[in-house]
Amino acid sequence: MDTIQALIKHYIESNGYTVYSISQQSGLNRTTLQKILSGQRKITKEIYEKLLPFFALSPIDKEELEQAFLINQIGPERFQTHMEIKRILEMSTSTLYQTDDSPYDLIVSNVDTWSNCMLIQGTYQIVNAIYSVALKNVTTEDHPFIYTFADMSHPYASIFFKPLYHPTFQPLHVKHLIEYQKTQMDGENYDNIHNIQILKNLLPSFAAFPGTFEVHYYYSARNRFKQQATAFPYYVITNTHVILLSPTYETALILSDKAIHEYYLHNYEQLLARSNILTSGAQTPLDLLNVLNGVDPALNYPICLNIQPTIEKYLTPEMIDKYMLESPYKDVIRAKLLERIGQLTKESHTILFTLEGLKLFTAEGKNVNFPDTLAARFDIEDRIYILRKFIEANQNDTDYHFLLLDPSKIHTSLNISIAFTPPSMTFLMLVRNDGNSMILPLEEHTLCSSIMDFIQTLPEYGYVCSVEETNRYLQEEIEQLKKQL
């Protein structure tokens, strides 16, 4: 992408101006404009907006110019980190979820015939080996496990575990130990691309793996020469084998010697003791309510990203009784939900929500915060009531604003909700194919800071519909529902 200076210079010339003539007509200081075009001075929003009326721009040209201006304001490293987070939001459902219950297309090897030390070549052969060992362990071991130490930013790393998404591996417990960078830019953690890539590669495992999992991390300065100089810097430990991996993930050494196995297992446990927890697997809606009840987003994060507008804000006690199903947790959830509603009525901040989430509520009456085992779907009258409440809130400057993410600018095929709790926790809520959700707590400061920073910047990227546009979407949904009455 061209820099803002190059683009402005191009549009000045292509619209028949010189620096002198456009400075005269716009009222801008010519020396200031010359310094901006030479990169000696940063362009301000005021100067940028004074220049825009003199340029004949197509919608695509304007979008490119606005993006270049934003990069100039926030810096290329921060922008690249934001775009990596945007790719997570736009991950396809097929990438995240295993939609076929049939076993992965692999030839199962007879693990019992392997030698104590075996060298294998090729990614497919390594995937097959991990799959074969894991399959053997889930059928013969009381507590089957896989512990990994690997560079999860490498695209091959996630491929190794995709065969384990099958229900057969429900007894399997997985632990990942990953290396995170702690890179600071001007006192803030913006250059976080490596860490975001790890999260993006792990998300399919989080969403589709049927067993239990933990992810641990440690901070380390990356030394690529040392990694390349080590023949097998990464490894996978199972109940019976150690699989050493090359830096390219194209060669592996499979070991089954008991002494070697014990050595690696002991070393891994020591590393875990010195690491931090990133996530310990999916949590329940009650867990999330417990955390959210202690947070005031209006004080900490004025903009939040949800799958849906905050439906709970407008629930009445009668609605809770109407839709909550009988379960051992009914009374506890009811009390927590009433507490949350009381808190929400006192807050004033902006909720960004997805078109997919809105459609899920209006078409099916589904609130993604509660699985179908805990709550029934909303009837049409109550859907209309709540949608009208969203419109009323948008028309009241002292209340919430509920703004739709512009579906033409950001394609949130992954329904995702992000909640922040100070000082360093983020909750990702992923909606499964069945409409129910899983909640993942992420506990790492730089990761949470980068995600939060991106969300606060979404309006500046032009990814958010205006109040008027959002209300038009909401009113259209109301009209469609009225026809069903």
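It should be emphasised that the depicted structure is a prediction, and the values quoted were computed from it without experimental measurement.
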Residues, nucleotides or ligands: over 12 heavy atoms within 6.0 Å of K42 NZ: yes
Interatomic distance, CZ@F69 vs CD1@I8, rounded to 0.5 Å, equals 8.5 Å
Using only heavy-atom distances, determine whether the side chains of E46 and T44 contain a donor-acceptor pair under 3.5 Å. no
Evaluate the side-chain proximity of I159 to Y156: yes if any heavy-atom separation is below 4.5 Å, no if none is. yes
Can a donor-acceptor pair be found, under 3.5 Å and without considering hydrogens, that links the side chain of E444 to the backbone of L278? no
Residues Y217 and E179: side-chain donor-acceptor under 3.5 angstrom: no
Could you give the distance from CG (L458) to NZ (K409), rounded to the nearest 0.5 Å? 12.0 Å
Check: L405 and L355 side chains under 4.5 Å, non-hydrogen atoms: no
Using side-chain hydrogen bond (donor to acceptor under 3.5 Å, both in side chains), reason through D453 and H82 one step at a time and then give a plain yes or no. CA-CA 8 Å; D453 180 61; H82 286 180; 2.6 Å; yes
Nearest non-hydrogen partners of Q40 and S38, listed with the distance: NE2-OG, 2.9 Å
The test is side chain to side chain contact (heavy atoms under 4.5 Å, CB included); show your working for T148 and F160 and say whether it passes. CA-CA 11 Å; T148 77; F160 292 152; over 6 Å; no
From the list I307, T310, L404, side-chain contact (heavy atoms from CB on, under 4.5 Å) with F353 holds only for L404
Does the side chain to side chain contact (heavy atoms under 4.5 Å, CB included) test come out yes or no for F55 and I12, once each step is laid out? CA-CA 7 Å; F55 301 152; I12 288 174; 3.9 Å; yes
Is it true that, when you exclude Y48 itself, more than 12 heavy atoms of the residues, nucleotides or ligands shown sit nearer than 6.0 Å to its OH? yes
CE of M152 to OG of S205: how many Å apart, nearest 0.5 Å? 7.5 Å
Pair K366, D372 - check side chain to side chain contact (heavy atoms under 4.5 Å, CB included), show working. CA-CA 8 Å; K366 171 66 177 172; D372 291 338; 3.0 Å; yes
Nearest heavy-atom approach of R383 to T362 is NH1-O, 2.7 Å
Does I88 form a side chain to side chain contact (heavy atoms under 4.5 Å, CB included) with I451? I'd like the steps, not just the answer. CA-CA 10 Å; I88 289 179; I451 294 174; over 6 Å; no
I'd like to know if the side chain of T81 reaches the main chain of N192, judged simply by a donor and an acceptor atom lying under 3.5 Å from each other, with no hydrogens or angles considered. yes
Between K359 and E477, which heavy-atom pair has the shortest distance, and what is it? NZ-OE2, 2.6 Å
Count the heavy atoms belonging to other residues, nucleotides or ligands that lie under 6.0 Å from OH of Y218, then report whether that count exceeds 12. yes
What distance do F361 atom CZ and I311 atom CD1 have between them, rounded to the nearest 0.5 Å? 4.5 Å
Which atoms form the tightest heavy-atom contact between Q308 and L360, and what is the distance? NE2-CB, 4.1 Å
Please round to the nearest 0.5 Å and tell me the distance separating atom CG of N201 and atom NE2 of H176. 11.0 Å
Check whether Y461 forms a cation-pi arrangement with K86 (NZ or CZ under 6.0 Å from the six-membered ring centre, at most 45° off the ring normal). no
Is it the case that over 12 heavy atoms from other parts of the model lie below 6.0 angstrom from the CZ atom of R334? yes
Note: S408 and D406 closest approach over all heavy atoms is OG-OD1, 2.6 Å
Taking atom CD1 of I60 as the centre, does the number of heavy atoms from other residues, nucleotides or ligands within less than 6.0 Å exceed 12? no
Using side-chain heavy atoms (C-beta onward) and a distance below 4.5 Å, is L358 in contact with L387? yes
When you check the gap from the basic side-chain N to the acidic O, do K322 and E318 get nearer than 4.0 Å? no
Could you tell me whether the side chains of T457 and E460 share a donor-acceptor contact shorter than 3.5 Å? no
Can you confirm whether V464 sits close enough to I303 that some side-chain heavy atom of one is under 4.5 Å from a side-chain heavy atom of the other? no
Taking the inter-plane angle between the rings of Y234 and Y249 on a 0 to 90° scale, is it parallel (under 30°), tilted (30 to 60°) or perpendicular (over 60°)? parallel
E479 and Q475: side chain donor to acceptor below 3.5 Å: yes
Compare every heavy atom of A68 with every heavy atom of L7, then report the nearest pair and how far apart it is. CD1-CB, 3.6 Å
I'd like to check C465 versus L403 (side-chain heavy atoms, cut-off strictly below 4.5 Å). Are they in contact? no
So, does T345 use its side chain to make a donor-acceptor pair with the main chain of G342 at under 3.5 Å? yes
Around E63, counting heavy atoms of other residues, nucleotides and ligands shown, do more than 12 lie under 6.0 Å from its CD? no
Ring pair (Phe, Tyr, Trp, His ring centres under 6.0 Å) test vs F378 passes for just one of F370, Y385, Y323, namely Y323
Quick one, L481 and E381 - any side-chain contact, counting heavy atoms below 4.5 Å? no
Gap separating the OH atom of Y17 from the OG atom of S26, nearest 0.5 angstrom: 9.5 Å
Short question: side chain of N29, backbone of T31 - any donor-acceptor pair under 3.5 Å? yes
Within-4.5 Å side-chain heavy-atom neighbours: Q73 and I4: no
Donor-acceptor contact present, side-chain N306 to main-chain I351, <3.5 Å: no
Could you check whether any side-chain heavy atom of S450 comes within less than 4.5 Å of a side-chain heavy atom of N195, counting everything from C-beta outward? no
